[in-house]
Visitor: 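Can you read through this structure? Questions will come right after.
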Amino acid sequence: MEISILGAGSWSTAIASLLAENHKVLMYARNKDDVDYINKNHKNRKYLKDFDLSKNIRATNNLEELFKNRFIVNGIPTQSIRSVIKQFKPFVNEKNVFINLSKGLELDTHKRISEIFYDEISSDISFAVLSGPSHAEEVVKQMPTAVVAASNDMDLSKEIQKIFNSDWFRVYSSTDVIGVELGGAIKNTLAFGIGMLDGLGYGDNTKAAVITRGISEMSKLLVTYDANPNTINGLAGVGDLIVTSTSLNSRNYRTGLLIGQGFKMEDAIKEINMVVEGIPTTKALYQLSTQNDLDLPITLEIYKVLYEGKNPADSVISLMGRSLKSEF
């Protein structure tokens, strides 16, 4: 079987490498030079460039070619997904199954990625999301990793589970698409906060407090949208939060670290030189919480640092000075 992947970023490349163990992979890259380089040298010259790619991986810049395959894996960053769907929509057919790798919420609409696909194509499409604590840099090295595949159709979840599962990449199944998508979105925002704390020079006590209270905010968000509360305790919730907020492999954590050290947001993004999904997601979460009267104090302070220029140290003071309350 050949599986198509939309996008040639680091995570798309790592997933292509995983799938190529048992399948042929057709990977879409917009730039013709990138396509030629991958096909000639079996390397991605921009991402994970030190790793050799399987000869089972072939690149193309022809969108139409992707949709002859049943499974279409999406690795396009969240804020670009809607525009890319408009480009490939004429080629979609009823057999196509979409598996999303990206995380976040769309600016302005505040929609989850499944909702963007339903808007632009049809609510009847087969859709799943693959999420969890999984750095691309570790997946290409075949370090043991566990994620969750979620679809409204449990049979589809189990089918995807089998396709992606390997000796070192373990996949669990779920039907909680909403919970998995929301968990993958808010954990990026919280990772900024943890990075900022490290940049400010705070210690483990402070990080533990923010992680724990951050999990409380994740729970509030999921309950508001009728997701399964248990999802927060799983790989797409606490698991993904841990890996994203404690590792230099996380671009969200690294961006927060730089901001805590005094960088402006724009300068930090230039330094990272990759798409940082958590920045627009933070704005969308802030707007969402305001509209729904959701009390997400950590998210609010991170928004103020990113978009209103508040000093991160002042945000810590604001959080510590909130009125006293019961933990639960």
Side-chain angles (χ1 to χ4, degrees), residues 10 77-79 103-105 107 133-137 182-221 232 236-290 294-323 325:
S10 57
T78 303
Q79 306 310 320
K103 299 171 183 178
L105 299 175
L107 278 172
S134 46
H135 290 313
E137 295 84 354
L182 289 177
I186 192 172
K187 62 90 184 179
N188 281 338
T189 293
L190 295 170
F192 273 120
I194 305 302
M196 289 177 196
L197 295 176
D198 278 348
L200 289 167
Y202 290 117
D204 296 335
N205 292 356
T206 317
K207 284 190 288 186
V210 173
I211 288 173
T212 306
R213 296 310 301 167
I215 292 169
S216 175
E217 294 194 13
M218 295 173 84
S219 297
K220 287 180 186 177
L221 186 66
I232 283 302
V238 173
D240 212 354
L241 176 60
I242 290 170
V243 80
T244 309
S245 63
T246 60
S247 172
L248 286 172
N249 282 331
S250 165
R251 63 191 75 169
N252 294 288
Y253 169 84
R254 294 204 316 273
T255 306
L257 181 70
L258 291 172
I259 291 172
Q261 291 171 344
F263 280 67
K264 298 294 185 184
M265 181 174 73
E266 297 77 10
D267 295 332
I269 294 171
K270 288 179 184 177
E271 186 76 15
I272 298 299
N273 197 30
M274 295 174 75
V275 174
V276 185
E277 289 279 23
I279 291 176
T281 294
T282 298
K283 187 174 184 178
L285 279 170
Y286 164 73
Q287 294 170 341
L288 203 62
S289 65
T290 301
L294 263 175
D295 184 29
L296 306 178
I298 298 173
T299 300
L300 171 62
E301 289 300 328
I302 295 169
Y303 170 82
K304 288 181 176 180
V305 170
L306 292 176
Y307 288 96
E308 296 180 359
K310 187 171 182 177
N311 188 305
D314 291 337
S315 282
V316 175
I317 293 171
S318 296
L319 288 169
M320 295 300 291
R322 296 176 72 234
S323 59
K325 57 189 289 189

Visitor: Above 12 or not: heavy atoms from other molecules or residues under 6.0 Å from CG of D204?
Guide: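 For D204, atom CG is not crowded (no more than 12 foreign heavy atoms under 6.0 Å).
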
Visitor: Could you check whether any side-chain heavy atom of D198 comes within less than 4.5 Å of a side-chain heavy atom of Y253, counting everything from C-beta outward?
Guide: yes

Visitor: What distance separates K270 NZ from F263 CZ, expressed to the nearest 0.5 Å?
Guide: 12.0 Å

Visitor: Which of these passes side chain to side chain donor-acceptor pair (under 3.5 Å) with K103: D240, T281, N188, T78?
Guide: D240

Visitor: Kindly indicate, with the supporting measurements, whether the criterion side-chain contact (heavy atoms from CB on, under 4.5 Å) is fulfilled by I211 and I194.
Guide: CA-CA 8 Å; I211 288 173; I194 305 302; 3.6 Å; yes

Visitor: Would the distance check show the side chain of K220 and the main-chain N or O of L296 forming a donor-acceptor pair, the cut-off being under 3.5 Å?
Guide: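 Judged by distance alone, no pair lies under 3.5 Å.
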
Visitor: If you measure from CD1 on I298 to CG on L319, what distance do you get to the nearest 0.5 Å?
Guide: 6.0 Å

Visitor: Measure the CD1-CD distance between I317 and E301 for me, rounded to the nearest 0.5 Å.
Guide: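 If I round to the nearest 0.5 Å, the distance is 10.5 Å.
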
Visitor: May I ask you to decide if T212's main-chain N or O and S216's side chain share a donor-acceptor pair within less than 3.5 Å?
Guide: no

Visitor: Do P77 and E277 come within less than 4.5 Å of each other through their side chains, counting heavy atoms only?
Guide: yes

Visitor: Does the side chain of T189 reach to within under 4.5 Å of the side chain of Y286, using non-hydrogen atoms?
Guide: no

Visitor: What is the minimum heavy-atom distance between G104 and A185, and which atoms define it?
Guide: CA-CB, 3.9 Å

Visitor: Between CZ of R213 and CG of L190, what distance do you get to the nearest 0.5 Å?
Guide: 12.0 Å

Visitor: What are the two closest non-hydrogen atoms of S10 and A136, and how far apart are they?
Guide: O-CB, 3.6 Å

Visitor: Ignoring hydrogens and angles, state whether a donor on the side chain of S318 or K310 is under 3.5 Å from an acceptor on the partner side chain.
Guide: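 Their side chains do contain a donor-acceptor pair, which is all the 3.5 Å distance test asks for.
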
Visitor: Could you check whether any side-chain heavy atom of L294 comes within less than 4.5 Å of a side-chain heavy atom of L288, counting everything from C-beta outward?
Guide: no

Visitor: Looking only at non-hydrogen atoms, find the nearest pair between S247 and V243 and report the distance.
Guide: CB-O, 3.5 Å

Visitor: List the atom of D295, the atom of R322, and the distance in Å for their closest heavy-atom pair.
Guide: OD2-NH2, 3.3 Å

Visitor: To check you understand the geometry: which heavy-atom pair defines the closest contact between V276 and F192, and what is its length?
Guide: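 Scanning both residues, the minimum pair turns out to be CG1-CZ, 3.5 Å.
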
Visitor: Heavy atoms only: give me the nearest G239-P133 pair and the separation to one decimal.
Guide: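 Smallest heavy-atom distance, with atoms named: O-CB, 3.3 Å.
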
Visitor: Counting distance only, does the side-chain N/O of E271 pair as donor-acceptor with the main-chain N or O of L258 below 3.5 Å?
Guide: no

Visitor: Got a second to check how far M196's CE is from Y202's OH, nearest 0.5 Å?
Guide: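 If we round to the nearest 0.5 Å, M196:CE and Y202:OH are 13.0 Å apart.
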
Visitor: With side chains defined as the heavy atoms from C-beta onward, is the minimum distance between L300 and S289 less than 4.5 Å?
Guide: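 Sidechains of S289 and L300: no contact.
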
Visitor: Is it true that a side-chain atom of Y307 and a backbone atom of I279 form a donor plus acceptor pair closer than 3.5 Å?
Guide: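 At least one qualifying donor-acceptor pair exists.
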
Visitor: Will you find, in the side chains of T244 and S250, an N or O donor that is under 3.5 Å from an N or O acceptor?
Guide: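 There is no such pair between these side chains.
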
Visitor: Rounded to the nearest 0.5 Å, what's the gap from CG on L241 to CD1 on I186? Could you check?
Guide: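 That separation rounds to 9.0 Å.
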
Visitor: Quick one: does any side-chain atom of Q79 pair with a main-chain N or O of P280 as donor and acceptor, under 3.5 Å?
Guide: no

